Amino acid sequence: MTEMNDTGMSSPEFYQGNCHCGQIRFDLNLQQPLRRASTCCCSICSKKGYLWIFLEESQFRIKSGQQAMARYTANGRSGEHFFCPSCGTGIMAKNHMAQGGGSDIVVNARALFGVNPFTLEVEA
């Protein structure tokens, strides 16, 4: 729920997420409620079925498991993908060149609590 703060601006939206086994936990602070995510047609994203949320790094915080995260780089275009080495859940990517880019990182909307990915507007 978005609330107005003392300046008349909407308050940030707070989301929590984790990998399937719970080893990696993270928070997002968005400027507005999450309504859309993006897909990517690169080989890794299409095989994994990621729904990306484009963020500035300041909007994302890993609460636990950062040292445990594994990374994979397929080629120069798909950037670095980070995932849980125990359960395989994809969490985020850096330097990803998907459409709608221009942000520091992308986070997998499918790993968020309280977000039904089937209700998001998906941009290709």
Side-chain angles (χ1 to χ4, degrees):
M1 173 180 200
T2 302
E3 298 176 5
M4 299 303 271
N5 62 23
D6 293 338
T7 64
M9 304 279 295
S10 61
S11 298
E13 291 289 318
F14 180 76
Y15 295 91
Q16 294 182 314
N18 67 290
C19 64
H20 189 261
C21 71
Q23 182 176 5
I24 300 168
R25 297 181 183 279
F26 61 92
D27 294 335
L28 300 181
N29 282 298
L30 306 179
Q31 295 303 313
Q32 56 193 2
L34 181 61
R35 293 192 174 99
R36 64 178 68 108
S38 298
T39 60
C40 174
C41 63
C42 79
S43 60
I44 186 78
C45 291
S46 60
K47 287 193 180 293
K48 294 281 192 171
Y50 291 131
L51 288 177
W52 292 127
I53 305 164
F54 289 84
L55 304 171
E56 300 302 318
E57 199 150 354
S58 63
Q59 295 175 286
F60 178 72
R61 181 176 72 96
I62 298 175
K63 296 189 318 188
S64 64
Q66 184 166 359
Q67 267 58 20
M69 273 204 294
R71 78 177 65 181
Y72 176 75
T73 303
N75 57 44
R77 177 170 156 70
S78 63
E80 289 181 285
H81 288 252
F82 295 83
F83 59 95
C84 176
S86 296
C87 67
T89 302
I91 302 294
M92 61 176 278
K94 289 185 176 183
N95 303 314
H96 197 283
M97 301 301 292
Q99 289 182 335
S103 65
D104 296 332
I105 62 172
V106 291
V107 174
N108 185 9
R110 295 184 186 274
L112 296 175
F113 292 131
V115 173
N116 181 346
F118 299 106
T119 63
L120 296 174
E121 178 184 327
V122 178
E123 299 173 342

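Starting from 1, each residue takes its place in the sequence as its number. Remember, it's a predicted structure, so these values are computed and weren't measured experimentally.
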*asked:* Is there a side-chain contact between C40 and S46 in this structure, where contact means two heavy atoms from C-beta onward sitting under 4.5 Å apart?
replied: no
_R71 side chain to A93 backbone, donor-acceptor under 3.5 Å_ = no
*Counting distance only, does the side-chain N/O of Y15 pair as donor-acceptor with the main-chain N or O of L34 below 3.5 Å?*
yes
_Quick check: closest heavy atoms across Y50 and H81, and the distance to 0.1 Å?_
CE1-ND1, 3.7 Å
*NZ/K48 to CZ/R110 distance, rounded to the nearest 0.5 angstrom?*
12.5 Å
*pair W52-T39: side-chain heavy atoms closer than 4.5 Å*: no
_If I compare all heavy atoms of V115 with all of P117, which pair ends up nearest, and what's the gap?_
O-CD, 3.2 Å
*Check whether any side-chain heavy atom of L28 lies under 4.5 Å from a side-chain heavy atom of Q59, and answer yes or no.*
no
_Test side-chain hydrogen bond (donor to acceptor under 3.5 Å, both in side chains) applied to S86 and Q23, step by step_ = CA-CA 8 Å; S86 296; Q23 182 176 5; 2.9 Å; yes
*Does any non-hydrogen side-chain atom of V106 lie less than 4.5 Å from one of I53?*
no
*asked:* Give me the atom names and distance for the closest heavy-atom approach of L120 to A109.
replied: CD1-CB, 4.0 Å
*Is the shortest heavy-atom distance from the side chain of N18 to the side chain of F113 under 4.5 Å?*
yes
*Going by heavy atoms in the side chains, are M92 and N108 under 4.5 Å from each other?*
no
*Any side-chain heavy-atom pair from E13 and N29 closer than 4.5 angstrom?*
no
*Is the distance between the ring centroids of F26 and F60 under 6.0 Å?*
yes
*Is there side-chain contact between S38 and L51, with heavy atoms separated by less than 4.5 Å?*
no
*Under the salt bridge (charged side-chain N to carboxylate O under 4.0 Å, His left out) criterion, do E123 and R36 qualify, and how do the steps go?*
CA-CA 7 Å; E123 299 173 342; R36 64 178 68 108; 3.4 Å; yes
*Straight-line distance of M69 CE to T89 OG1, nearest 0.5 Å*: 12.0 Å
*Considering all heavy atoms, the nearest C87-H20 contact*: SG-N, 3.4 Å
*Could you state the interatomic distance from CD1 (I24) to CD (Q66), rounded to the nearest 0.5 Å?*
9.5 Å
*In terms of hydrophobic clustering (I, L, V, M, F, W, Y; side-chain heavy atoms under 4.5 Å; direct or indirect links), are F82 and I44 co-clustered?*
no
*asked:* Can you tell me how far apart CD1 (I62) and CG (D27) are? Round to the nearest 0.5 Å.
replied: 10.5 Å
